[in-house]
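Every value quoted in this text rests on a predicted model; they were computed, and no experiment measured them.
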Amino acid sequence: MIKKFLLMSLVLSQLAISCSSDDNNGETTTETEQSLAEQIANISKQPYSKLTPAEQKIKLEAEANEMLVQLDKSKSIAATGAIENLQLLLDASQVDLFGKKGNNKVEKIMNVSGAYGIYTWDDSKKDWVKTDSKSELKFVFPANKTQTTNNAIFTAKSTSSDIKIPTEDVNDEFFFPTSADATLTIDGVVAASFTQTAKYSNGKETPDEFGYKMTIKEGYAWEMSSTKATENTAKALFSYNGKNLIAFNSGSTANIDELLKEDALAQYRGKANGLITLMDNLVIVANMDLATNASEEAALEKNNPYPVFPDSSDPKADYKKYYTAENAYRQKQSEGMVANYNKNMKLILVSKKDGTKIADVVVHLEKEENSSNLPVWDSQNKYWDQWSGQGEAFTEIYYYEVYYLKFNDNTEVEMGAYFSTGFEKLESKFTDFIKAFEK
């Protein structure tokens with residue numbers, strides 16, 4: 001789970017999507033007044049905890065369970081089912097919002113401007129009925145897939161930018177919006193509201209600034225915003241009734257515009273750092289040199305070519321030599337990847353509440369052996385038969401990376417085993433929540 005949260009933070013940073021929070025905990029100098037680099041530097045100075053790995057595990061599991069209590073309330077969110085059903089209906093029957101050329105995705109409704117119309121679901125015909133409108137874009141439909149009565153309304157309004165949508169699937173008369181607002185009502189009550197803002201420059205499709213907020217009637221909120229500059233900033237916050245559950249704060253020197261090009265070079269990935277905070281306590285600190293890591297991976301590929309497969313029509317082909325070389329290739333490749341990660345990706349787990357570091361994240365290489373038989377030459381049919389099972393026994397070796405927590409006493413515990421039960425459930429519930437609104 002921790003690895004997935006890190007990847008999510010990295011994606012936010014690379015795409016320049018972020019949001020802000022105001023939490024000063026009564027301190028004279030607040031976190032939001034400090035730069036991200038200053039926050040990371042201060043957190044990294046904290047001493048290591050004196051708790052044993054077993055004691056830490058009990059403590060962290062308790063905090064994960066506390067967050068589960070908050071996320072459990074998300075089961076009753078009516079907006080989730082309504083958004084899912086709207087997507088199902090758009091999949092079942094195309095609307096002419098995009099000239100019936102593009103994919104009907106709910107997310108696109110807030111990402112185009114200048115499109116209007118009222119679309120009402122006709123359950124008997126299993127189709128949308130359009131009414132012209134010059135001022136709004138509205139969908140009237142059942143709030144869940146078991147209903148036939150239209151009791152939900154999704155309305156979106158936007159202000160156009162001068163940036164055209166760069167896809168052949170959509171008529172080029174559509175533009176990205178500089179602002180967009182949407183409201184979902186169920187039975188006349190607002191179930192969810194969405195706001196989005198963006199600023200563009202120089203005709204580029206990636207916004208210089210971006211902001212997004214989703215508010216759910218039951219008390220949940222998901223916020224993101226960003227600034228694209230020499231150093232990109234990216235933040236995101238998931239909260240319940242004003243209490244922070246998960247917060248991302250990341251920065252990156254990546255050249256976003258260059259990365260969007262097909263021939264993007266590794267050097268444009270730059271460096272990235274970030275903080276991932278769970279329940280305002282458990283903090284994952286990340287310092288990553290993405291450009292160096294990418295260039296070293298490329299050098300590894302160049303200097304460790306994959307062995308050439310033997311000519312299957314050559315009776316003298318040396319398959320043992322090939323498979324031995326393949327084992328050596330996999331080992332060198334995996335060892336290089338792990339070394340690059342440990343050198344360029346620095347992660348620390350910190351207890352904000354206790355003011356102590358918990359553990360560093362390191363990666364080790366583990367191997368798995370697979371017994372097989374080498375191919376044998378079939379002189380009658382003139383080919384190498386590797387399925388006969390008659391050839392010399394041979395062991396193929398495969399390698400995989402395993403993440404470990406390294407504690408102050410140099411004890412190492414595999415992360416998958418350490419962050420189990422409560423954290424696994426937490427990951428699942430959080431992922432399900434976000435996916436419901438990504439449609």
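Of the possible donor and acceptor atoms, one in the side chain of Asn150 sits under 3.5 Å from a partner among the backbone N and O of Trp121. A donor-acceptor pair is defined here as one N or O able to donate and one able to accept, closer than 3.5 Å; no such pair exists between the side chain of Lys243 and the backbone of Ser239. Using a distance-only test at 3.5 Å, with no hydrogens or angles considered, a donor-acceptor pair links the side chain of Asn327 to the main chain of Ile397.
A distance of 12.0 Å separates CE in Met415 from OH in Tyr404, rounded to the nearest 0.5 Å. Between the CE atom in Met214 and the CZ atom in Phe194 there is a gap of 6.0 Å [rounded to 0.5 Å]. We find the NZ-CG distance between Lys157 and Leu137 to be 11.0 Å, quoted to the nearest 0.5 Å. Taking CZ of Phe139 as the reference point, atom NZ of Lys130 lies at 10.0 Å (rounded to 0.5 Å). Here Leu365 contributes atom CG and Asn342 contributes atom CG; the two are 10.5 Å apart, rounded to the nearest 0.5 Å. Expressed to the nearest 0.5 Å, how far OG of Ser193 lies from CD1 of Ile216 amounts to 7.5 Å.
In this structure, the side chains of Leu275 and Val285 come closer than 4.5 Å at one or more pairs of heavy atoms. Using a 4.5 Å heavy-atom threshold, the side chains of Trp128 and Leu90 count as touching. Put simply, the side chain of Glu209 does not reach to within 4.5 Å of the side chain of Thr197, judged on heavy atoms. Between Ile83 and Phe154, some side-chain heavy-atom pair lies under the 4.5 Å cut-off. At least one side-chain heavy atom of Ile153 sits under 4.5 Å from a side-chain heavy atom of Lys138. Between Asp360 and Tyr48, some side-chain heavy-atom pair lies under the 4.5 Å cut-off. Between Tyr119 and Phe141, the closest side-chain pair of non-hydrogen atoms is not below 4.5 Å. Side-chain contact check for Lys367 versus Arg330: every heavy-atom pair is 4.5 Å or farther apart.
Defined by atom type and a distance below 3.5 Å, a donor-acceptor pair is present between the side-chain atoms of Asn293 and Glu297. No hydrogens or angles considered: nothing links the side chains of Asn42 and Glu38 as a donor-acceptor pair under 3.5 Å.
Heavy atoms only, all atoms of each residue included: Lys217 and Val189 are closest at CD-CG1, 3.9 Å. Taking each heavy atom of Ala82 and Leu184 in turn, the nearest pair found is CB-CD2, 3.9 Å. Of all the heavy atoms in Lys357 and Ser44, the pair that sits closest is NZ-O, 2.9 Å. In terms of heavy atoms, Pro53 sits closest to Val413 at CB-CG2, 4.4 Å. Contact detail for Ile186 and Ala191: the closest heavy-atom pair is CD1-CB, 3.8 Å. In plain terms, the two heavy atoms of Thr356 and Gln46 that are nearest each other are CA-CB, 4.2 Å.
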Is there a side chain to side chain contact (heavy atoms under 4.5 Å, CB included) between Trp222 and Tyr212 once you walk through the steps?
-> CA-CA 8 Å; Trp222 173 245; Tyr212 172 85; 4.0 Å; yes

Any chance you could lay out the side chain to side chain contact (heavy atoms under 4.5 Å, CB included) test for Ile358 and Leu282, step after step, and finish with the verdict?
-> CA-CA 9 Å; Ile358 298 173; Leu282 177 63; 3.8 Å; yes

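Put simply, the residue from Val363, Leu405, Val361 that forms a side chain to side chain contact (heavy atoms under 4.5 Å, CB included) with Leu347 is Val361.
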Please list every donor-acceptor pair under 3.5 Å in which a side-chain atom of residues 298-307 meets a protein atom from a residue at least two apart or in another chain.
| residue | atom | partner | partner atom | Å |
| --- | --- | --- | --- | --- |
| Glu301 | OE2 | Gln333 | NE2 | 3.0 |
| Asn303 | ND2 | Ala299 | O | 3.1 |
| Asn304 | ND2 | Tyr329 | O | 3.2 |
| Asn304 | ND2 | Gln333 | OE1 | 3.2 |
| Tyr306 | OH | Glu326 | OE2 | 2.2 |

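Taking the side chain to side chain donor-acceptor pair (under 3.5 Å) definition, one finds that Asn151 meets it with Gln147, Asp187, sequence neighbours left out.
The salt bridge (charged side-chain N to carboxylate O under 4.0 Å, His left out) analysis of residues 333-343, with sequence neighbours excluded, yields the pairs Glu296-Lys343.
Separation of the Tyr322 and Phe394 ring centroids does not fall under the 6.0 Å cut-off.
Within 6.0 Å of NZ on Lys59 lie more than 12 heavy atoms contributed by other residues, nucleotides or ligands.
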